[in-house]
Peer 1: 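Structure incoming, see below.
Computation of the quantities below employed the complete heavy-atom set of this structure, encompassing side-chain atoms and omitting hydrogens, waters and symmetry-equivalent molecules. Since we're looking at a predicted model, the values are computed, not measured.
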Amino acid sequence: MTDSATHRRGLGINAGLEAGLARDLAAHCQELGYHSLWSNDEPGESGLETLANFSAGAPRLELGVGVLPLDRNRPAEIAAEIDRLGLDPAKLWLGIGSGPLRPQLDVVRRSVDELRELLPEETRIVVAAMRERLCRLGGAIADGVLLNWVLPEPAARSREWVREGAEEAGRAVPLVASYVRVAVGAGSTQRLRDAEGFYRSVTEGYRRYFEAMDVPLGSVGVAAASRTEALDALAPYQSALDLPIVRVLADRDATALAEVADAAAP
């Protein structure tokens with residue numbers, strides 16, 4: 001296994017995974033050579049708490065939350081929760097997104113400034129971006145940019161926008177990551193179609209986004225029968241991104257989760 005820049009890979013799980021299961025999965029991913037473990041954040045299911053459980057099982061791995069929507073997570077509350085949970089700021093990638101708040105650019109810029117004041121300087125702040133202006137803003141102000149539901153070619157284009165934003169601001173180029181949904185084994189194609197189908201209509205913004213992408217249902221991500229197929233399908237994402245994050249599509253039990261982690265391991 002390797003953690004070099006050319007093979008770096010994260011693994012992401014929906015928030016709310018049972019604590020013992022999260023710890024065991026994290027320990028397994030640490031053995032497999034993953035760079036980091038990530039969780040989203042949902043109403044009633046804290047992504048930061050899931051990270052604390054991951055940390056207990058895999059103290060060497062970096063941790064990312066992607067993302068905390070700012071309409072229900074204010075910067076002061078985020079900082080207090082990180083402190084309460086004892087998360088190591090040096091290992092943390094803190095993802096934020098505007099949610100429904102507008103104007104997006106102003107909300108994100110202001111929140112990044114607030115978080116910089118509240119958190120230890122080693123905390124990496126990540127901005128969620130799906131379009132050019134937010135990619136450029138992320139390049140200008142963040143330590144990372146997190147894409148979502150993207151194909152390899154658009155991911156590479158977004159990475160260029162991030163780079164241009166950073167260069168215009170006279171700063172180092174942030175890490176560019178993206179969730180890549182991965183399903184493995186029997187029923188994998190349907191699991192990917194179901195997950196993608198939900199997002200295609202979850203909000204008007206996502207509806208327009210997928211409409212502009214204009215690809216068949218089940219095209220954005222990986223559905224594989226074996227580790228070889230999974231790695232072949234992930235290779236273009238690995239080239240287009242600094243950090244592909246395998247977003248697991250599986251039942252929330254140890255065997256199903258480990259099947260995807262094993263198949264997609266770097």
Peer 1: Tell me, with the steps shown, if N40 and E42 meet side chain to side chain donor-acceptor pair (under 3.5 Å).
Peer 2: CA-CA 7 Å; N40 68 340; E42 300 175 357; 2.9 Å; yes
Peer 1: If you take all heavy atoms of A240 and P152, which pair is closest and at what distance?
Peer 2: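 A240 and P152 have their closest heavy atoms at CB-O, 3.3 Å.
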Peer 1: Does R208 pair with E211 as a salt bridge, N-O distance under 4.0 Å?
Peer 2: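 No, this pair does not count.
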Peer 1: Other residues, nucleotides and ligands only: do more than 12 of their heavy atoms fall within 6.0 Å of CZ on R60?
Peer 2: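 Result for CZ/R60: open.
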Peer 1: Hey, is the main chain of V107 close enough, under 3.5 Å, to the side chain of S98 for a donor-acceptor pair?
Peer 2: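 No.
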Peer 1: Going through the distances and angles, do N73 and E77 end up as a side chain to side chain donor-acceptor pair (under 3.5 Å)?
Peer 2: CA-CA 6 Å; N73 294 276; E77 296 167 344; over 6 Å; no
Peer 1: Using a side-chain heavy atom cutoff under 4.5 Å and only I, L, V, M, F, W and Y, what cluster partners does W161 have?
Peer 2: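 In the cluster with W161 there is nothing else; it is isolated.
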Peer 1: Over all heavy atoms of both residues, which pair between A15 and E45 is shortest? Give the atoms and the distance, please.
Peer 2: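 Shortest heavy-atom contact: CB-O, 3.5 Å.
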Peer 1: Sequence neighbours excluded, which residues qualify as ring-ring contact (aromatic ring centres under 6.0 Å, His included) partners of Y179?
Peer 2: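 None.
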Peer 1: Given the rule that I, L, V, M, F, W and Y join up when any side-chain heavy atoms are under 4.5 Å apart, are L37 and L94 in one cluster?
Peer 2: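 Yes, L37 connects to L94 through the hydrophobic network.
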Peer 1: Out of curiosity, does L146 fall in the hydrophobic cluster containing M213 (side-chain heavy atoms, cut-off under 4.5 Å, transitive links)?
Peer 2: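 No, it is not one cluster - the side chains of M213 and L146 are not joined through contacts under 4.5 Å.
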Peer 1: Begin from the C-alpha positions of L175 and D143 and carry the test side-chain contact (heavy atoms from CB on, under 4.5 Å) through to its verdict.
Peer 2: CA-CA 6 Å; L175 174 141; D143 304 299; over 6 Å; no
Peer 1: Please test N14 against R252 for side-chain contact (heavy atoms from CB on, under 4.5 Å), starting from the C-alpha separation and ending with a verdict.
Peer 2: CA-CA 9 Å; N14 285 357; R252 291 162 79 88; 3.4 Å; yes
Peer 1: Below 4.0 angstrom, N of the basic side chain to O of the carboxylate: do R157 and E132 qualify?
Peer 2: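 Not counted as a salt bridge, because no side-chain N and carboxylate O are separated by less than 4.0 Å.
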Peer 1: Going by an N to O cut-off under 4.0 Å, is there a salt bridge joining R84 and E49?
Peer 2: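 Salt bridge: yes.
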Peer 1: Would you check if the side chain of Y237 reaches a backbone N or O of A155 as a donor-acceptor pair within less than 3.5 Å?
Peer 2: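 Not a single qualifying donor-acceptor pair exists.
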Peer 1: What closest approach, in Å, do S46 and E81 show between heavy atoms, and which atom pair accounts for it?
Peer 2: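 For S46 and E81, the tightest heavy-atom pair comes out as OG-OE2, 4.4 Å.
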Peer 1: If you compare all heavy atoms of P174 against all heavy atoms of A142, which two are closest, and at what distance to 0.1 Å?
Peer 2: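 Heavy-atom minimum between the residues: CG-O, 3.3 Å.
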Peer 1: Please check if atom CZ in R207 has more than 12 non-hydrogen atoms from other residues, nucleotides or ligands closer than 6.0 Å.
Peer 2: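 Yes, because the 6.0 Å sphere around CZ of R207 holds more than 12 heavy atoms from other groups.
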Peer 1: Do you know which two heavy atoms are closest between G47 and S39, and how far apart they sit?
Peer 2: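 Closest pair (atom of G47, atom of S39, distance): CA-OG, 3.8 Å.
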Peer 1: Mind checking what makes side chain to side chain donor-acceptor pair (under 3.5 Å) contact with R72, not counting sequence neighbours?
Peer 2: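 D41.
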Peer 1: Whether E196 and R181 form a salt bridge (side-chain N of Lys/Arg under 4.0 Å from carboxylate O of Asp/Glu) is what I want to check.
Peer 2: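 Salt bridge absent between R181 and E196.
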Peer 1: Look only at the side chain of E18 and the backbone of L21, and say whether a donor-acceptor pair between them is shorter than 3.5 Å.
Peer 2: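 It does hold such a pair.
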Peer 1: Would D262 and H28 satisfy side-chain contact (heavy atoms from CB on, under 4.5 Å), going step by step from the backbone distance to the final call?
Peer 2: CA-CA 9 Å; D262 290 346; H28 187 56; 2.6 Å; yes
Peer 1: Check the angle between the aromatic planes of Y206 and Y199 and answer parallel, tilted or perpendicular using the 30° and 60° thresholds.
Peer 2: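 Answer is perpendicular, since the angle exceeds 60°.
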Peer 1: Show your working on side-chain contact (heavy atoms from CB on, under 4.5 Å) between L134 and Q104 and close with a plain yes or no.
Peer 2: CA-CA 8 Å; L134 272 169; Q104 282 183 305; 4.0 Å; yes
